[in-house]
Visitor: 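Can you read through this structure? Questions will come right after.
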Amino acid sequence: MDPSPVYGNYHGYYAKRPSIRDHRLALLPPAFFVGKHVLDMGCNEGWVTCEIAQSWGARRVVGVDIDDALVRAAWKRRRSLWSLQLPRKAEDGTTSKRIRLESESEVDEDAYFPISCEQSHGPLPIPSNATGEHAFPHNVTFRTVDWVTEDSTNDEPNYDVVLALSVTKWIHLNHGDDGIKKFFIRVYKNLKQGGVFILEPQAWDTYGKARRMDQRLKDNAKGLRVRPDGFNDLLQGLGFAPPQHLGSPGEGGFRRPVDLYIKK
């Protein structure tokens with residue numbers, strides 16, 4: 001992988017926008033992901049992916065990213081979060097001494113143990129299926145793949161929700177107008193009827209800095225005719241309903257609109 005983040009594959013990205021709860025997810029109803037199959041495109045180090053799997057009640061979450069080092073970091077975050085969360089009751093209903101501590105004080109069950117425990121003693125091992133296959137951390141997986149160029153012959157409507165948070169600019173600059181159109185087509189094909197596409201597009205004026213990273217991106221940008229404000233037309237042309245504009249959370253350069261599209 002090129003050390004320059006020409007795919008938007010910034011290492012330490014979430015250190016620049018630190019938050020236990022992602023502000024973009026906070027725009028959604030509390031039960032939005034409950035029982036759902038979710039695909040997180042461009043998952044980076046897995047912060048959002050793991051939050052959906054751990055705290056939002058998703059049945060299954062898949063995070064994909066083009067950068068294998070980021071995917072390895074996402075697996076590491078999954079294990080780290082497991083080491084911090086409140087232990088669960090065993091399937092036979094028995095309660096361990098550690099679990100009984102819950103009644104002694106009010107705690108955040110997703111951050112029950114301090115990070116210093118993991119740093120001092122290493123992460124806890126994850127028992128095989130101890131919490132059930134649809135409970136965290138068994139309900140989240142990660143894959144290294146360039147989803148635009150990967151063979152699409154096996155596309156199936158498997159997902160209830162697909163997220164594309166801050167990735168369209170990089171797909172557009174690397175793969176051109178045809179690439180962004182192919183991306184939206186694959187999103188549509190992978191969603192179930194009535195499924196939801198959550199899109200956080202980057203504005204056209206942010207493309208300038210990105211394309212200066214690499215001569216290839218600069219050359220590709222010269223041929224772009226589609227603009228981010230034209231994505232709505234592309235998506236509705238595929239069969240998505242008009243977007244629901246959820247808001248623009250974040251601050252500074254991270255303040256971007258988040259839109260919701262439903263597959264008709």
Side-chain angles (χ1 to χ4, degrees), residues 8 13-14 17 19-44 46-64 139-140 147-148 155-172 177 179-207 226-264:
Y13 174 75
Y14 282 98
R17 52 186 307 169
S19 176
I20 300 300
R21 306 295 185 202
D22 192 279
H23 296 303
R24 296 165 295 186
L25 298 183
L27 297 172
L28 300 166
F32 185 81
F33 294 105
V34 173
K36 301 296 179 60
H37 290 193
V38 182
L39 176 63
D40 182 16
M41 302 299 310
C43 66
N44 198 268
W47 285 50
V48 169
T49 325
C50 286
E51 181 181 340
I52 293 169
Q54 183 183 35
S55 304
W56 286 75
R59 180 178 179 85
R60 179 170 62 91
V61 189
V62 179
V64 301
N139 64 341
V140 60
W147 211 60
V148 177
D155 281 353
E156 297 287 345
N158 293 321
Y159 296 98
D160 300 293
V161 182
V162 174
L163 297 100
L165 303 178
S166 298
V167 299
T168 52
K169 173 173 65 179
W170 304 104
I171 293 170
H172 206 183
D177 289 342
I180 198 68
K181 292 174 184 177
K182 180 179 179 182
F183 174 72
F184 290 147
I185 290 170
R186 293 201 67 190
V187 169
Y188 187 83
K189 288 182 176 179
N190 277 262
L191 276 171
K192 298 175 183 177
Q193 202 72 27
V196 175
F197 180 36
I198 304 295
L199 176 65
E200 180 192 25
Q202 294 108 313
W204 176 252
D205 60 10
T206 67
Y207 280 53
V226 176
R227 298 291 184 264
D229 58 9
F231 290 171
N232 286 341
D233 293 336
L234 291 177
L235 290 164
Q236 291 182 61
L238 290 172
F240 283 101
Q244 300 175 32
H245 303 296
L246 302 180
S248 299
E251 299 178 356
F254 295 116
R255 185 175 177 82
R256 307 187 189 103
V258 178
D259 298 326
L260 182 154
Y261 293 85
I262 298 176
K263 178 178 178 178
K264 295 189 293 184

Visitor: Ala53 and Val140: which non-hydrogen atoms are nearest, and at how many Å?
Guide: CB-CB, 3.7 Å

Visitor: Heavy-atom distance under 4.5 Å between the side chains of Met41 and Ile171, does that happen here?
Guide: no

Visitor: Check for a donor-acceptor pair, side chain of Asn44 on one end and backbone N or O of Gly46 on the other, with a separation under 3.5 Å.
Guide: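 The answer is no, because no donor-acceptor pair under 3.5 Å joins these two groups.
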
Visitor: Taking it one step at a time, do Phe231 and His172 satisfy side chain to side chain contact (heavy atoms under 4.5 Å, CB included)?
Guide: CA-CA 11 Å; Phe231 290 171; His172 206 183; 4.0 Å; yes

Visitor: On the ring face of Tyr188, is Lys263 found with NZ or CZ under 6.0 Å from the centre and within 45° of the axis?
Guide: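 Satisfied, under 6.0 Å and within 45°.
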
Visitor: Supply the atom-to-atom distance Asp22 CG to Glu51 CD, rounded to the nearest 0.5 angstrom.
Guide: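 Going from the CG atom of Asp22 to the CD atom of Glu51 covers 6.0 Å.
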
Visitor: Which residue, Val258, Ile198, Leu163, forms the side chain to side chain contact (heavy atoms under 4.5 Å, CB included) with Leu25?
Guide: Leu163

Visitor: What distance do Leu235 atom CG and Ile262 atom CD1 have between them, rounded to the nearest 0.5 Å?
Guide: 13.0 Å

Visitor: I'd like to know if the side chain of His245 pairs up with that of Asp259 as donor and acceptor (distance under 3.5 Å, no hydrogens or angles considered).
Guide: yes

Visitor: State, with a plain yes or no, whether a side-chain heavy atom of Thr168 is found less than 4.5 Å away from one of Pro201.
Guide: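 Contact flag for Thr168/Pro201 side chains = yes.
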
Visitor: Do we get Lys181 above Phe183's six-membered ring, with its NZ or CZ under 6.0 Å from the centre and within 45° of the axis?
Guide: no

Visitor: Is any side-chain heavy atom of Phe32 less than 4.5 Å from a side-chain heavy atom of Leu260?
Guide: yes

Visitor: Gln236 and Pro242: which non-hydrogen atoms are nearest, and at how many Å?
Guide: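 Looking at all heavy atoms of both residues, the shortest contact is OE1-CG, 3.6 Å.
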
Visitor: Between Arg186 (side chain) and Trp147 (backbone), is there a donor-acceptor pair under 3.5 Å?
Guide: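 Yes; at least one donor-acceptor contact below 3.5 Å.
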
Visitor: Just by distance, no angles: are the side chains of Arg21 and Ser55 close enough, under 3.5 Å, to form a donor-acceptor pair?
Guide: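 Arg21 vs Ser55: donor-acceptor pair found between side chains.
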
Visitor: What distance do Leu27 atom CG and Leu246 atom CG have between them, rounded to the nearest 0.5 Å?
Guide: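 The distance works out to 5.5 Å.
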
Visitor: Do the non-hydrogen side-chain atoms of Val38 and Arg60 ever get within less than 4.5 Å of each other?
Guide: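 No; the side chains remain at least 4.5 Å from each other.
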
Visitor: Are the side chain of Glu200 and the backbone of Ser166 linked by a donor-acceptor contact shorter than 3.5 Å?
Guide: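 Yes, because the side chain of Glu200 sits within donor-acceptor range (under 3.5 Å) of the backbone of Ser166.
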
Visitor: Please round to the nearest 0.5 Å and tell me the distance separating atom CZ of Phe240 and atom NZ of Lys264.
Guide: 10.5 Å

Visitor: Are side-chain heavy atoms of Leu39 and Asn158 found at a separation under 4.5 Å?
Guide: no

Visitor: Kindly compute the distance separating OH (Tyr159) from CG (Leu191), expressed to the nearest 0.5 Å.
Guide: 10.0 Å

Visitor: Taking all non-hydrogen atoms of both residues into account, name the closest pair between Pro228 and Ala203 and its distance.
Guide: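 Shortest heavy-atom separation between Pro228 and Ala203 comes out as CG-C, 4.2 Å.
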
Visitor: Locate the shortest heavy-atom distance separating Cys43 from Thr49; write the atom from each residue and the value.
Guide: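 Taking Cys43 first and Thr49 second, the nearest heavy atoms are CB-OG1, 3.4 Å.
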
Visitor: Measuring only between side-chain heavy atoms, which start at C-beta, is Val162 closer than 4.5 Å to Leu199?
Guide: no

Visitor: State, yes or no, whether a side-chain contact exists between Pro30 and Trp56 at a heavy-atom distance under 4.5 Å.
Guide: no

Visitor: Salt-bridge test for Asp229 and Arg227: reply yes if a basic N is under 4.0 Å from a carboxylate O, no otherwise.
Guide: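 Looking at Asp229 and Arg227, the cut-off is not met.
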
Visitor: Is a side-chain donor or acceptor of Asn190 paired with a backbone partner of Pro157 at a separation under 3.5 angstrom?
Guide: no

Visitor: Would the distance check show the side chain of Lys169 and the main-chain N or O of Tyr207 forming a donor-acceptor pair, the cut-off being under 3.5 Å?
Guide: no

Visitor: Restricting to salt bridge (Lys or Arg N to Asp or Glu O under 4.0 Å), what partner residues turn up for Asp177, sequence neighbours left out?
Guide: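 Residues passing salt bridge (Lys or Arg N to Asp or Glu O under 4.0 Å) with Asp177: none at all.
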
Visitor: To the nearest 0.5 angstrom, please state how far the SG atom of Cys50 sits from the CG atom of Asp40.
Guide: 9.5 Å

Visitor: Do Arg59 and Phe33 touch side chain to side chain, with heavy atoms closer than 4.5 Å?
Guide: no

